[in-house]
Amino acid sequence: QVQLVESGGGSVQAGGSLRLSCAASYAVYAMGWFRQAPGKEREFVVAIDYESEKIYYSDSVKGRFTISRNNAKNAVYLQMNTLKPGYTAVYSCASAGEMARMMKSDIDYWGQGTQGTFSS
């Protein structure tokens, strides 16, 4: 079983930046991030394949968020810039054996989630 451990959450003023990290206990093919805002369903944010050749962002974060990964560390990172209050959510790292499954939210493993609070 793969364990995913997120870090880097916190409180930031709108317009600021935050970088989330997720470390996996084993190498996994597709990794990504989902988020769940208060009172809303969890939604897809971004996914990246093992080679970092395929990267998909949700339209709501394109141009503001950047995902990257370091396979030597089994880690994925989410750089979030120009943050908006509407981005406040619990951000969860996820992994799947295929990108197609990741895009369908067919997730093999979830992290525990890390809170990102962005205030105006």
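Because the structure is a prediction, the values reported are computed rather than measured.
Taken together through direct or relayed side-chain contacts under 4.5 Å among Ile, Leu, Val, Met, Phe, Trp and Tyr, L20 and I55 form part of one hydrophobic cluster. Side-chain heavy atoms closer than 4.5 Å link hydrophobic residues (I, L, V, M, F, W, Y) into clusters, and following such links, possibly through other members, connects V2 to V76. Taking hydrophobic clusters as Ile, Leu, Val, Met, Phe, Trp and Tyr residues chained together by side-chain heavy-atom distances below 4.5 Å, W33 does not share a cluster with F44. In the hydrophobic cluster analysis, where Ile, Leu, Val, Met, Phe, Trp and Tyr join through side-chain heavy atoms closer than 4.5 angstrom, L4 is grouped together with Y26.
Residues passing the side chain to side chain donor-acceptor pair (under 3.5 Å) test with Y57, sequence neighbours excluded: none.
Side-chain contact between L83 and L18: present, with at least one pair of heavy atoms (C-beta onward) separated by less than 4.5 Å. Y109 is not listed as a side-chain neighbour of M31, based on a closest heavy-atom distance of 4.5 Å or more. At least one side-chain heavy atom of I107 sits under 4.5 Å from a side-chain heavy atom of M102. Under the 4.5 Å side-chain criterion, counting only non-hydrogen atoms from C-beta, V46 is not in contact with F65. Side-chain contact between M80 and V61 is absent, with no heavy atoms from C-beta onward closer than 4.5 Å.
A pairwise comparison of heavy atoms in T82 and S17 identifies N-OG, 4.4 Å as the closest pair. Of all non-hydrogen atoms in V28 and Y50, the two that sit nearest each other are O-CD1, 3.4 Å. Contact record, G97 with D108: N-OD2, 3.0 Å, taken as the closest heavy-atom pair.
Distance CZ/R69 to OG/S21: 13.5 Å, rounded to 0.5 Å. From K73, atom NZ reaches atom SG of C22 across 14.0 Å, with rounding to the nearest 0.5 Å. Rounded to the nearest 0.5 Å, atoms CE (M99) and OH (Y56) are 5.5 Å apart. A distance of 5.0 Å separates NZ of K54 from OH of Y29, quoted to the nearest 0.5 Å. Interatomic distance, S120 OG to K84 NZ, rounded to the nearest 0.5 Å: 13.0 Å. Here CD1 of I48 is found 10.0 Å from CD of E53. Values are rounded to the nearest 0.5 Å.
In the displayed structure, Q13 atom CD is contacted under 6.0 Å by at most 12 heavy atoms of other residues, nucleotides or ligands. Q3 CD: 12 or fewer foreign heavy atoms inside a 6.0 Å radius.
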Can I get a per-line list of side-chain donor-acceptor pairs under 3.5 Å for residues 85-95, giving both atom names and the distance, sequence neighbours left out?
residue: Y87; atom: OH; partner: S60; partner atom: O; Å: 2.7
residue: Y87; atom: OH; partner: R64; partner atom: NE; Å: 3.2
residue: T88; atom: OG1; partner: P85; partner atom: O; Å: 3.0
residue: T88; atom: OG1; partner: F118; partner atom: N; Å: 2.8
residue: T88; atom: OG1; partner: F118; partner atom: O; Å: 3.3
residue: Y91; atom: OH; partner: R35; partner atom: NH1; Å: 3.2
residue: Y91; atom: OH; partner: Y87; partner atom: O; Å: 2.6

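Checked by atom type and distance alone, the side chain of E6 pairs as donor or acceptor with a backbone atom of Q112 at under 3.5 Å. In this structure, D49 contributes its side chain and S52 its backbone to a donor-acceptor pair below 3.5 Å.
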